[in-house]
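Written below as structure tokens is the structure these notes are about.
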Amino acid sequence: MNHWIIVPVLLPAVTAALIVLAMRSDIELARVFSVAANALLLPVAGALLWAASTGDPQVYFLGNWPAPFGIVLVLDRLSALMVGLTAAMSLMVQLYAMGSGWDARGRHFHALWQFQLMGVNGAFLTGDAFNLFVFFEILLIASYGLMIHAGGGARVRAGVQYVAYNLLGSTLFLFALATLYGVTGTLNIADMAGRVAELPEGDAALLRVGAVLLLLVFAVKGALVPLQFWLPATYARAPGPVAALFAIMTKVGAYAVIRFYTLVFPPDTPATGGLYADLILPAALATLAIGMIGVLGAATVGRLAAFAAVGSMGTLFLAVAPATPQATAAALYYLVHSTLAGALLFLVADLVIARRGSGTLAEVRPPLAQGGMIAALWFAAGIATAGMPPLSGFLGKLLVLDALAGRPDTGLLWAAILVTSLIAIVGFARAGSTLFWKAHEGGAAPEALPPVRALPVVAAVALIGMIALQTVLAGPIMDWLAATAEQVHDGSAYVAANRLTYGED
Amino acid sequence: MELLVATGIGAMTASGVYLVLRRRAFPVILGLAMLTYAVNMFIFASGRLSVDMPPVLMPDAPGYADPLPQALVLTAIVISFGMTAVVVMMALGTFLETDDDRIDEDGDAPGTGAEDGR
């Protein structure tokens, strides 16, 4: 048994507890430990990625209880990819949080951050449906704390909405799990896949109810229309780096959809069939349209970034819906890209707000001090998010378009993706010209502010660097992702790794 | 017994949903609590209803009650209790800071609630 599989869960958990107990009043010490733990996650995630891509999926039996009786963690290519992405992105965003001083504006920032990482990593690694719920709750409860970090009436108010909405989502999750348990009699995901495939005709209706309830839960997490209402207000009000970290949270929803609806309810399941694709596809189209129109119409920089996050989830789910290996590979490429680009956009938006004093796009303000550099970052973030060349957003959208080719509704889907991309470009151009160009019209000189500290800019540039790397290495990455998608859709290796035993032995 | 449990869960869910839709902090919290009670009962029922059965396999018992949902309910109760505590604290914080306990999007409309311009 490979004990490294549980490290991405244990390391943040132990670090968080240490920070709460021993360093709650010493921010410098907390910073050192938090960054060190996050930096340690990177090589661990790298080793797991290596192990996953060179061999079959591996299972960690907690307490050495055999599946399906005990809880298992499963490391396959998909979960390793998600853990690696989380570690890399979170480290950069954490550097930004320290450089910009956000982490010192309230208490327990780093502890909550580590708990959040624990929940996210656990959700990616777990092979047990109820355990997935528990990790969802861990990442949510940490996100509640992070969301209202630094306080303020408007933020706490948005936080209450966020919490209430997600508590409803959690309740729905429990209803879905209980229904599925009632029908299949198991919670182990691999075991559930086998049971669902052999389900008697009479239980099909209940199973469909469970499957759709579960889809609703993941749609809440993934901000799929019509369950996206919580996202713009929450992400726009959350502290900049926290909103950037939340870029991975919507992807948890997408990951769960990919995992469950390829393994447990694949399109050839007699009871559910292509049911979920019929639901996801129109919802994804609407998400894409609402997100990108939101980018064009946003009244503040924060809301613009939040709607861009909604729109990118639309593109992502468009690629998830066909449930073919090629489309899933494209979806994964776009998922990695949109996580990095989303985080970058929130960081740059935060830089703009900090320099400008306000994120409103309704009025023209004097030029920003050091506006040139921030405008360049904004430009890069806009290009990445809208999907223009040369960054990987363009390649990602191209791959998605390619994956959607040859369907009866290709024309509609292509038109939707291309038109919304144009709307997003116009939206970013409009915001950029209000922020950076029109500011010079009044002839006012920039306010004399101390220069931006180096660390936040380094963090943002590093994110751009990762996006550029993803662009340059697109060929090898796509080969790897194609193999990943094959593994995800095949599922037999995942099930075999669980070594399901029912007998007395 | 099935009818009683099912109507009980249904009534609690319905009142929970109704209260959540009230959009003021106190009814919303009560509604969430009501929904968690309903879902706890629901999980419990997912292991099938049985009377006077031991939760373990015993040679002299005619059957057994599924012990797993009972463990799941325990987890769900602990989590929902913690979450309710969090939402109560946050709602209280909002009420004290903004003097308002509405839970809706109105305050976020462009140009009205953008105090800090985010």
Side-chain angles (χ1 to χ4, degrees), chain A residues 130 133-134 137-138 140-141 144-145 147-148 151-168 170-175 177-183 185-187 229 232-233 236-240 297-303 349-350 353 356-362, chain B residues 9 13 16-17 20 23 25 28-29 31-36 38-48 66 68-69 71-73 75-76 78-80 82-84 86-87 89-105 107-111 113-118:
Chain A
F130 196 82
F133 163 76
V134 173
E137 293 307 307
I138 292 174
L140 280 176
I141 204 158
Y144 301 156
M147 157 76 210
I148 57 167
R155 184 169 296 137
V156 182
R157 210 171 119 89
V160 175
Q161 287 174 23
Y162 171 61
V163 176
Y165 207 104
N166 275 293
L167 279 180
L168 284 176
S170 305
T171 312
L172 215 54
F173 202 166
L174 285 175
F175 273 118
L177 286 179
T179 310
L180 289 177
Y181 178 76
V183 180
T186 183
L187 288 165
F229 293 107
R237 296 277 184 203
T300 66
V301 177
R303 288 183 75 84
D350 188 61
I353 293 164
R356 197 161 171 260
S358 159
T360 178
L361 293 169
Chain B
I9 295 173
T13 312
V17 169
V20 166
R23 305 201 305 179
V28 166
I29 292 169
L32 287 170
M34 201 64 101
L35 275 175
T36 54
V39 80
N40 289 342
M41 281 303 295
F42 187 76
I43 297 176
F44 206 75
S46 76
R48 305 295 183 266
D66 191 344
L68 190 63
L72 299 183
V73 166
T75 315
V78 171
I79 289 178
S80 60
M83 292 293 182
T84 309
V86 170
V87 75
M89 286 311 293
M90 283 174 66
L92 209 57
T94 318
F95 180 65
L96 295 177
E97 286 216 31
T98 62
D99 230 3
D100 187 5
D101 71 340
R102 280 179 305 129
I103 297 187
D104 53 27
E105 279 259 31
D108 247 45
E115 300 98 302
D116 56 354
R118 289 186 65 85

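Just so you know, these numbers use all the heavy atoms, side chains as well, and skip hydrogens, waters and symmetry mates. Everything numeric here is computed off the predicted structure, so don't read it as measured data. Every chain is numbered from 1 and lettered A, B, ... according to where its sequence line falls, protein lines coming before strand lines.
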Handout entry: Shortest non-hydrogen contact from B/Asp100 toward A/Arg157
Key = OD2-NH1, 3.5 Å
Fill in the blank from the handout: A/Phe130 meets the ring-ring contact (aromatic ring centres under 6.0 Å, His included) criterion, sequence neighbours left out, with A/Phe133
Problem - Region of A/Ala362 in contact with chain B, defined by heavy-atom distances below 4.5 Å - result: neither
Handout entry: Contact check, side chains of A/Leu187 and B/Leu68, non-hydrogen atoms, under 4.5 Å
Key = yes
Completion exercise
Scanning both residues in full, the closest heavy-atom pair of A/Thr171 with B/Leu35 reads CG2-O, 3.8 Å
Practice task
Evaluate whether atom CZ of B/Phe44 has more than 12 neighbouring non-hydrogen atoms of other residues, nucleotides or ligands under 6.0 angstrom away.
Solution key: no
Practice task
Can you tell which part of A/Ile138 gets under 4.5 Å to a heavy atom of chain B, answering side chain, backbone, both or neither?
Solution key: neither
Problem - chain A contact via B/Asp66 - side chain, backbone, both or neither, heavy atoms under 4.5 Å - result: side chain
Handout entry: Residue B/Val39 versus chain A: region with a heavy atom under 4.5 Å
Key = both
Fill in the blank from the handout: Test side-chain contact (heavy atoms from CB on, under 4.5 Å), reference B/Val86, set A/Ile141, A/Leu140, A/Val160, A/Leu167, output is A/Ile141
Problem - Contact class of A/Leu174 relative to chain B, heavy atoms under 4.5 angstrom - result: both
Completion exercise
Ranking A/Gly185, A/Ala349, A/Gly152 by heavy-atom pairs under 4.5 Å to chain B gives rank one to A/Gly152
Exercise for the section: Give, as side chain, backbone, both or neither, the part of B/Ile43 having an atom under 4.5 angstrom from any heavy atom of chain A. Expected result: both
Problem - Shortest non-hydrogen contact from A/Ala164 toward B/Val28 - result: CB-CG1, 4.2 Å
Problem - Heavy-atom pair count under 4.5 Å with chain A, highest-scoring of B/Pro69, B/Gly82, B/Ala76 - result: B/Pro69
Problem - Atom pair CE (B/Met90) and OH (A/Tyr162), whose distance is rounded to the nearest 0.5 Å - result: 9.5 Å
Practice task
Please flag which part of A/Ser170 lies under 4.5 Å from any non-hydrogen atom of chain B: side chain, backbone, both or neither.
Solution key: neither
Problem - Nearest heavy-atom neighbours spanning A/Ala178 and B/Ser46 - result: O-CB, 3.3 Å
Handout entry: Toward chain A, the part of B/Thr13 with a non-hydrogen atom under 4.5 Å
Key = side chain
Practice task
Dump the intermediate steps for side chain to side chain contact (heavy atoms under 4.5 Å, CB included) on B/Leu72 and A/Leu177, then the final yes or no.
Solution key: CA-CA 10 Å; B/Leu72 299 183; A/Leu177 286 179; over 6 Å; no
